[in-house]
Amino acid sequence: MKKVPFVTKAQIEEIVKTYPTPFHIYDEKGIRENVKALYDAFSWNPGYKEYFAVKATPNPFLMQILKEYGCGSDCSSMAELLLSEAAGITGHEIMFSSNDTPPEEFAYCEKLGGIINLDDITHIEAVEKSVGYLPETMSCRYNPGGYFKMSNGIMDNPGDSKYGMTEEQIMKAFQIMKEKGVKHFGIHAFLASNTVTNEYYPMLAKVLFELAVKLKEKTGAHITFINLSGGIGIPYRPDQEPNNIHVIGEGVRRVYEEVLVPAGMGDVALCTELGRYMMGPYGALVTQAIHEKHIHKEYIGTDACAANLMRPAVYGAYHHITVLGKEDEPCDYLYDVTGSLCENCDKFAVDRKLPRIEKGDYLFIHDAGAHGHSMGYNYNGKLRSAELLLKENKEVQLIRRAETLNDYFATFDCFEIGKKLLKS
Ligand SMILES: *Cc1c(COP(=O)(O)O)cnc(C)c1O
């Protein structure tokens with residue numbers, strides 16, 4: 001499918017008068033249409049809820065847009081809990097799917113009334129110690145081990161994943177927690193990442209639903225929700241067939257009716273913790289071409305770098321690039337599009353066919369709305385860029401300012417040189 005930017009060159013030329021490149025920009029209209037479609041696809045399940053995976057795009061403005069449709073947040077750190085609180089998302093609107101969790105974070109989650117999703121059986125004791133008791137509602141994360149296979153081959157390798165409990169452990173955890181007064185239970189699993197197939201959720205649902213029936217039969221626990229977590233992916237490449245959320249919703253419904261309903265569990269609420277699917281396509285990194293270089297290859301140097309979007313550098317991930325204003329020109333040049341880090345992996349694209357790029361052109365790097373700005377870092381003293389929201393009425397709102405050198409130097413306040421730098 002042809003990838004079309006959600007802004008035009010003319011719009012960007014207007015925006016850069018106030019907010020210089022590089023910046024991340026998000027498309028409010030796209031975000032809203034997508035979350036509506038998600039809720040529609042699962043509307044057959046009365047308790048359905050999406051807990052947005054905050055780590056994908058930790059911005060309270062965006063979290064509040066999702067909240068309007070009923071989304072809560074899936075957190076796994078103190079900062080993410082605080083962001084949720086700031087966005088007005090508290091109580092059972094928070095799912096705390098953390099791992100290797102520091103004690104004070106369990107305590108803060110309980111203070112906000114969030115649901116603790118235990119990554120390990122030993123964390124029962126950790127929660128009792130840090131919170132002082134076990135909350136009435138608890139969830140456990142499951143890891144079936146082995147390989148997770150679908151019709152088109154191996155999807156992922158849970159046997160090699162650090163998350164979750166074995167079946168035996170989860171049985172025992174439920175028994176222990178039930179004895180200690182826990183009343184409502186949830187189960188959770190995340191078995192494959194960025195799946196671009198309508199099969200993943202239905203297959204995962206079957207694994208979790210069958211486990212839920214066993215847990216209920218063996219422990220008598222009241223299972224109130226089943227959490228399908230994240231993992232629904234997006235087509236980063238134009239030749240990939242996008243997921244169809246309605247087909248996915250119907251696929252899960254079939255398994256629900258096949259496994260849960262006959263077991264008398266037709267009241268179980270489903271939830272999801274999607275991150276990439278909620279924001280990925282609706283955010284872009286906009287950067288300007290500032291250099292061109294002709295050596296053994298053709299290079300276009302931009303004013304951004306992997307510190308703004310690290311997926312290409314660390315995973316070799318493909319992000320589609322549109323040269324704004326040249327959407328219809330033939331892609332008859334072969335470029336490496338680079339960032340400015342002193343690391344040769346800092347390339348947004350390698351051997352990419354693009355229209356002829358001139359200095360000053362704006363590049364729209366697609367699908368940077370999730371795990372984009374959020375993975376930013378300060379290597380080489382690079383600063384994180386601003387985040388902008390393109391509103392439905394086409395106005396642009398600054399939803400996070402760009403970092404300044406003062407932000408970078410703030411943590412040197414313990415040294416004389418730091419104090420000097422902060423003053424200047
Ligand atoms: C990362 C993560 C998600 C979101 O994953 P996506 O692939 O972005 O949908 C959900 N739940 C947990 C526990 C995660 O770690």
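Both ligands and their constituent atoms are indexed starting at 1 by order of listing. Since the structure is predicted, the reported quantities are computational estimates derived from the model, not experimental observations.
- For a threshold of 3.5 Å applied to N or O pairs, the pair formed by Asp74 and ligand 1 contains at least one separation below that value.
- For the side chain to side chain contact (heavy atoms under 4.5 Å, CB included) test with Tyr26, the passing option among Asn59, Leu388, Ile399 is Ile399; the others fail.
- The ligand atoms of ligand 1 that sit less than 4.0 angstrom from a heavy atom of Leu274 are 9 (O).
- If you look at Ala53 next to ligand 1, the close heavy atoms, those under 4.0 Å, all belong to the side chain.
- Heavy atoms of Ser229 approach ligand 1 to within less than 4.0 angstrom.
- When each atom of ligand 1 is checked for a heavy atom of His371 under 4.0 Å away, the hits are 8 (O).
- In this structure, His366 has its ring center closer than 6.0 angstrom to the ring center of Phe364.
- Minimum interatomic distance between Leu204 and Leu228 (heavy atoms only, all atoms of both residues): CD2-O, 3.2 Å.
- At a 3.5 angstrom cut-off on N or O pairs, Ser97 does not count as close to ligand 1.
- At least one N/O-N/O distance between Lys55 and ligand 1 falls below 3.5 Å.
- Annotation: cation-pi pair Arg352/Tyr318 present, NZ/CZ under 6.0 Å from the ring centroid and within 45° of its normal.
- In terms of polar-atom proximity, Glu273 is counted as a contact of ligand 1, with an N or O under 3.5 Å from an N or O of the ligand.
- Checking only distances, Phe190 never comes within under 3.5 Å of ligand 1, N or O to N or O.
- Proximity to Gly275 (heavy-atom distance under 4.0 Å) selects the following atoms of ligand 1: 4 (C), 6 (P), 8 (O), 9 (O).
- When atom types are taken as modelled, the side chain of Thr219 and the backbone of Ala221 share a donor-acceptor pair closer than 3.5 angstrom.
- Distances from ligand 1 to the non-hydrogen atoms of Arg141 include at least one value under 4.0 Å.
- Using a 4.0 Å cut-off between a side-chain N of Lys or Arg and a carboxylate O of Asp or Glu, Asp367 and Arg276 do not qualify as a salt bridge.
- Across all their heavy atoms, Met165 and Tyr142 have their closest contact at O-CD1, 3.4 Å.
- In terms of polar-atom proximity, Arg276 is counted as a contact of ligand 1, with an N or O under 3.5 Å from an N or O of the ligand.
- Ala368 approaches Leu309 most closely through the heavy-atom pair CB-CD1, 4.0 Å.
- The closest approach between any non-hydrogen atom of Gly231 and ligand 1 is below 4.0 Å.
- Each ring-ring contact (aromatic ring centres under 6.0 Å, His included) pair with one or both residues in residues 218-237, not counting sequence neighbours, appears once here: His184-His222, Tyr236-His319.
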